[in-house]
Structure formats: structure tokens, C-alpha cells
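The structure appears below as C-alpha cells.
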2 protein chains.
Amino acid sequence: MAKSADRSIELLWGDRARPSRGPKPALTVEQITAAGIGVADAEGLAAVSMQRVAGEFGFTTMSLYRYVPGKAELVALMLDTALGEPPVLTAITGGWRPRLTEWAERLWTVTEKHPWSLEASVGLRPIGPNELGWTDSAVGTLTATGLTGSEILDTVVVVTGHVRSIAQQTLTIPAAQRGLTEHQWAATVTDLLRTHGDRFPSLLAAMASATAAGQDKGLAFGLERILDGLGLLIADRVRQAAIRR
Amino acid sequence: MAKSADRSIELLWGDRARPSRGPKPALTVEQITAAGIGVADAEGLAAVSMQRVAGEFGFTTMSLYRYVPGKAELVALMLDTALGEPPVLTAITGGWRPRLTEWAERLWTVTEKHPWSLEASVGLRPIGPNELGWTDSAVGTLTATGLTGSEILDTVVVVTGHVRSIAQQTLTIPAAQRGLTEHQWAATVTDLLRTHGDRFPSLLAAMASATAAGQDKGLAFGLERILDGLGLLIADRVRQAAIRR
DNA sequence: GCAGTTCTGTTTATGTTATACACAGTTCCC
DNA sequence: GGGAACTGTGTATAACATAAACAGAACTGC
């Protein structure tokens, strides 16, 4: 497993020098990765099997293992490729808040485009350059705020977590069925609440008062709370710095 | 799939009336669920297979299907059982903030005890009474704040998301290997940063300034920011209400 | 009390997975 | 030109979920 991790790191980070002996490979890691992304975008990460991806090229399952050590590594490549180049936010004016907001929105956008990236990015996995770049980009929005390094990193975790959390609720279903399934699910919950409402009085009241319209606000609402709270901390730091001077 | 959902709802919510004809079942759904939880606690959700759970009783794989329609339903039962009775927070004084903080900490505690619950609770799945109860409990901490129903629900989403997000980073690895793997992973990332540091200047600086000690603060840090920000909104609502009166 | 019905646990079978291993053909280095 | 290195394939294995059919057990209605 250690070797596999190294190989994976190499695939994600290194140059892929072609050996000189032997026949030319018919495929490239990039092509395979792209095919995997295509399948995952269209049918979800569960549809991505070695068989399926190889089949996209009319090749046998085992041929893929000449390019990639295993499925885990393929998924890691897919993830880092799908994330794409990290956003450059230096052009955005107005301080840390609009920058970090923009960052969160871009993360949302890319997650919306590749919902399977959520599943693909759980746990301690080999991290790719784009993923690290996204983190760097977020950290960069906060370097001039007077926050400590730990605070900045913790903040990035909170914001990332929020975007992911909202995405997970909204995007888990393959887009094709989303409307139907979601509606069905909502109906089931409503039904349960109607039947067992006395056991969940607060929830019942809240849902009754919640307008059916206010649905997609979760991302913005949470982000605003988080950034408001962060603003208080930053203001504190500024004040302290002023006193100390 | 719809039928399966119904059956699942029935299992989670209904009384399980025993039929009067035929031999007595040797097992109960509760026993099976508990066995599944035991396996998942000890070896992770991936170790939970029908074979494995049946084996815990010395039964064949297929015997489980007499009790549970399929693996998805078993996992749903495991999740709702593992969550346990939702917390009752009425005894906690000091208003919404200490109550919601306590709620988050209890969610953290139960997640720590059953880390696999994270994996088990993604997507639109049949929701159980305990899970709904936990949500109700969280909503209950905010009913007296002047927030609208939508705002309360969105807030619960944010707080839940944060706890889950921190948990996912900390608890993904089975406890046994956690120290080692985590250390290894950190070493790999440090290595990458050393090698490619110029590509990630902000991150490098932040990690250098971050004391190695400040690691488990993520939960508290993020929660405080969120609640600080929420506090501003609630204060606003109180002010508005005062004006209007 | 007994026949028939219903239910349990098992056996057997199918279709997916990932991936290990050995082989035949291809291409380049020396 | 011969050997080494590499590619894509064929074959094999071990998990996995779950469908279908079956033998025996226990209760219901007579």
C-alpha cells in the first residue's frame, strides 16, 4: 500500500517519462482519466469501473493496468483533473471577504460540474497538485488578515466543509433523476412528519414556517454566517495589533 | 426501488409484527443491526458484508434476507440505531448558543463512536426516527431566537455540515491505524510542499506558522465562527422586532 | 389431531467487481 | 540481428449482492 501511494503520488505530480523500449502505448493516462471523468459526469462514480473505462476505448479491462496501478489511483487522477486549475483571485478587490466568497462559489461551480468529486475526495488519499492549489488559493485570500496560520487553515476547512456539505445534499443524485427523486424524498419526509409530527414538534413548526420557495439559499446563508463570524475575529486581531503598536 | 424504500421506511419506523404461522425466526432485526454496528465500529463500513454479518451468527449469507430486504436497508437501520436517542437539551441554560454548542458536541461524540456513520449518511436515503429526532433537537435550540423556519433549517445544515466535515478529516481511518497513517500522510504532504513549495506560497507560509500543536481545534474554531456569525443575525432580528413593536 | 399453509434457513446459481499472472507479439538498444 | 523491455490480452481467482428453488418446521382451521 505504501508502494501504491508512491506510485500514485508520482502519477499525480511527476512527469510521465515514456520508456524507450517496447511498443508505443495506444493510450495515455490523460485520455484514460478524461474517459473516467466522462463516465462519472454522466452516470456517477459508481458507473466507473475498470471494465467500463477500458471499454470506452474498446480495450480490455486489464489494459488499463498498464497505465494506472489500480482504480484508486485512477479516481485520484480523475479528481485532480476535474478540479482543474485553482482559481486566481488577485484581481478581486475589496479585501478578504469578496475573495473568499468568490473562491467558495468557484468551488461550488466545479463541484456542480462533477458531483462525484465529493465521493472521490473523502479520507486520507494521495493529494494532487490542483487540490493543493485550491487550498493554497483559499489560504491566499486570508494571509493579509492578521490571522495565524492555524486559524487560516481552520477557516479554509470550515468554508470547504460548508460548500461540500451543501453540495452533498443537492448534488448526490445523478442530474437526470434529481428532480423526481428529490421530490419523492421530500414527500416521504413530509408524510413522516404528518404521521409522527408530535415526536418532532420543533422540526414540524420550522418546516411549516419555511416557505417552500427558500430552497437553494443554503450555500449563501451558511457562507454569510461563517464570514460574518470570521469578520469579528479579524476585527479583533486588527484591534489587538493596533493596541500593541 | 420505490417498494424497497417503503419497506425500508417500514423497518425504520414501523412495528415489526411477527407473523403467527411458520417457525420462529432465530434472529431479530435488532440483533442483526447490532452485529452490523459491531463490525462497522471495529473494522469500518467496508467490512460490513451480508456474509460477514450473517457469519457473526453462524448463519448463511442468504438468511439475512429473511429479515432485511437488502444491504442498503441494513445500513440504514445501523445508522439510525447508532445515532441513538436524540439529545434532550432543555436542561441547558444560557440560551440558544450553549444549547446548540452542546448539540454539536454530542453529534461529534456519537460520530466519534461510529465513524462509519459518515459514509452511511450520504445522499437521499430513507431517514429514520432517530435521525429526524436529532434534527428536531437542533431545530429546538433555535425556535426562540426570532429566526425564520428557513433560517433555522439552514443553520442546522451548516452546523451539521461542520461537525461532519471535521469528523471526516479526523475519523476516516479505522482507529487502529489512525496514528500511523495520519502521520505518514502528513509527512507526504510536507514532502510535497518542500519540493513544490514555490507553487503554493500561501499554504507553505500558513503551515510554517501553524504550530504543530494546534490540530484538534478545528471543530471548536469553526463552530465559534459559525455561532458568532449566527449571533449577529439573531441580534439583528431582535433589534428589528424591538423597532416594530 | 391432522392437512394445508406459511414461514425459515439453506443450497445453488448468476452477474459484478478488482486485480494477479502468464503469454504472444512489438519495438528499440546495443 | 539478437536480446531486453514493454504492450495488450486471455485466463483465473476471490469478494460481493442477490435471485430462485427447496426442505423442514410450526401454526390455523377443520
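All chains are named by letter (A, B, ...) in the order of the sequence lines, taking the proteins before the strands, and each is independently numbered beginning at 1. All of these numbers come straight from a predicted model, not from anything done at the bench.
S49(B) comes within contact range of the sugar-phosphate backbone alone, with a heavy-atom separation under 4.0 Å but no base atom that close. When heavy atoms are screened at a 4.0 angstrom cut-off, M50(B) is found touching the sugar-phosphate backbone but no base atom.
With rounding to whole Å, L74(B) atom CG is found 14 Å from dT18(D) atom C1'. Residue R66(B) contributes atom CZ, which lies 10 Å from atom C1' of dA21(D) at whole-angstrom precision. For the pair M62(B) CE and dA23(D) C1', the computed distance is 16 Å after rounding to whole Å. Going from atom CZ of F59(A) over to atom P of dG10(D) covers 12 Å, rounded to whole Å. With rounding to whole Å, L64(B) atom CG is found 13 Å from dT8(C) atom C1'. Y65(A) has its OH atom 15 Å from the C1' atom of dT11(D), to the nearest Å. We find that CZ of R21(A) is positioned 14 Å from P of dG3(D), with the value rounded to whole Å. Distance K71(B) NZ to dA19(D) P: 15 Å, rounded to the nearest Å.
Distances shown here put a side-chain N or O of Q51(A) below 4.0 Å from the OP1 or OP2 atom of dT17(C). The side chain of Y67(B) contributes an N or O atom lying less than 4.0 Å from OP1 or OP2 of dG9(C). Dashed line: the shortest gap from a side-chain N or O of T60(B) to OP1 or OP2 of dT10(C) is under 4.0 Å.
Annotation: proximity of residues 28-41 of chain A to DNA chain C (heavy atom, distance under 4.0 Å) is found for no residue.
We find the CD-CG distance between E112(A) and L107(A) to be 11.0 Å, quoted to the nearest 0.5 Å. For the atom pair R125(B) CZ and L12(B) CG, the distance stands at 10.5 Å (nearest 0.5 Å). One finds the CG atom of D80(A) at 10.0 Å from the OG1 atom of T33(A) (value rounded to the nearest 0.5 Å). Note that CG of L203(B) and CG of L153(A) are 6.5 Å apart. Values are rounded to the nearest 0.5 Å.
Partners of R194(B) under the side-chain hydrogen bond (donor to acceptor under 3.5 Å, both in side chains) rule, at least two apart in sequence or in another chain, are D191(B). E56(B) meets the salt bridge (Lys or Arg N to Asp or Glu O under 4.0 Å) test with R52(B); sequence neighbours excluded.
Checked against dC7(C), dT26(C), dG9(C), the side chain of P23(B) finds its nearest nucleotide in dC7(C).
In terms of position along DNA chain D, the nucleotide closest to V48(B) lies nearer the 5' end than the nucleotide closest to the other residue of the pair K24(B) and V48(B).
If you check the side chains of R106(B) and S137(B), you find no donor sitting under 3.5 Å from an acceptor.
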